[in-house]
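The structure presented is a predicted model; accordingly, all values stated were derived computationally and were not measured. When reading the values below, keep in mind they use all heavy atoms of this one structure, side chains included, and skip hydrogens, waters and symmetry mates.
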Amino acid sequence: MNQGMATTIPIAHQMGVRIVEARRGFAAATVPAAGNGNHFGVVYAGVQFTVAEILGGAIALTSFDATKYFPLVKNLDIKFVGMASTDLRAEAGLDSDTIDRVAAEAADNGKADYRLDAVVTDANGQTVATTHGLYQLRAHGK
């Protein structure tokens, strides 16, 4: 997955975003603070956004048939709740009922929306951002 990101989303790869866990219904990613700071000396907001947003695709690739479908983000709201000055970890999950609904709807209609919430934490386990996203699973060629 990380090797694929280098070519499909090169900017995330350049930031150092890495998928560290991906299984059906769950994904986690990390990003280093080093090289991703802003003029305040904390992790740039766009980096925090990216480490959280990438999870919608990681979960889709492990929860649905990637030979038939691809994920895309339709909307993502982020709330910054703390200053991020360390390496970050983002986590998100989808329950089995949602996965089953999305798979069935995509099979019937060629696409299906799903909502995904992510939490971004610092090295001390403190939440620095939360996201609420609307993603879509779409059949190739649609």
| task | Mind checking side chain to side chain donor-acceptor pair (under 3.5 Å) for T7 and listing every partner two or more places apart, or none if nothing turns up? | result | none
| Residues forming a salt bridge (charged side-chain N to carboxylate O under 4.0 Å, His left out) with R23, sequence neighbours excluded | E21
| If two hydrophobic side chains count as joined below 4.5 Å and joins carry through other members, does L55 share a cluster with I11? | yes
| Pairs in or reaching into residues 3-29: which pass ring-ring contact (aromatic ring centres under 6.0 Å, His included), with residues at least two apart or in two chains? | none
| remark: By side chain to side chain donor-acceptor pair (under 3.5 Å), D95 pairs with (sequence neighbours left out) T98
Output a table of donor-acceptor pairs, distance under 3.5 Å, between side-chain atoms of residues 120-129 and any protein atom two or more places apart or on a different chain; print 'none' if there are none.
| residue | atom | partner | partner atom | Å |
| --- | --- | --- | --- | --- |
| T121 | OG1 | R89 | O | 3.4 |
| D122 | OD1 | N124 | N | 2.9 |
| D122 | OD1 | G125 | N | 3.1 |
| D122 | OD1 | Q126 | N | 2.9 |

| request: Go through the structure and list residues passing side chain to side chain donor-acceptor pair (under 3.5 Å) with D117, not counting sequence neighbours. | output: H132
| Interatomic spacing from CG in L116 to OG1 in T131 - rounded to 0.5 Å | 7.0 Å
| Mind checking whether L88 and V119 sit in one hydrophobic cluster, side chains of I, L, V, M, F, W, Y counted as touching below 4.5 Å? | no
| note | Applying side chain to side chain contact (heavy atoms under 4.5 Å, CB included) to A112 and not counting sequence neighbours gives V102, E105, A106
Ignoring hydrogens and angles, write down the donor-acceptor pairs under 3.5 Å from the side chains of residues 64-73, residues two or more places apart or on other chains.
| residue | atom | partner | partner atom | Å |
| --- | --- | --- | --- | --- |
| D65 | OD1 | T67 | N | 2.9 |
| D65 | OD1 | T67 | OG1 | 2.4 |
| D65 | OD2 | T67 | OG1 | 3.3 |
| Y69 | OH | A107 | N | 3.3 |

Anything under 3.5 Å between a donor and an acceptor, one on a side chain of residues 28-47, the other on a protein residue two or more places apart or in another chain? List them.
| residue | atom | partner | partner atom | Å |
| --- | --- | --- | --- | --- |
| N36 | ND2 | M15 | O | 2.8 |
| N36 | ND2 | P32 | O | 2.8 |
| N38 | OD1 | F40 | N | 2.8 |
| N38 | OD1 | G41 | N | 3.2 |
| N38 | OD1 | V42 | N | 3.3 |

| field | Ion pair check, R101 and D108, cut-off under 4.0 Å | value | no
| remark: Taken to the nearest 0.5 Å, the spacing of I99 CD1 from T62 OG1 works out to 7.5 Å
| Just how far is it from atom CD1 of I54 to atom CZ of R18, taken to the nearest 0.5 Å? | 10.5 Å
| note | residues 74-83 vs salt bridge (Lys or Arg N to Asp or Glu O under 4.0 Å), sequence neighbours excluded, gives K74-D113
| field | Single-linkage hydrophobic cluster, 4.5 Å side-chain cutoff, L94 and V20 together | value | no
| message | Tell me every residue that passes side chain to side chain contact (heavy atoms under 4.5 Å, CB included) with A58, counting only those two or more places apart in sequence or in another chain. | response | M1, I19, A27
| message | Taking ring-ring contact (aromatic ring centres under 6.0 Å, His included) as the cut-off, I'd like each qualifying pair that reaches into residues 72-117, sequence neighbours left out, listed once. | response | Y114-Y135
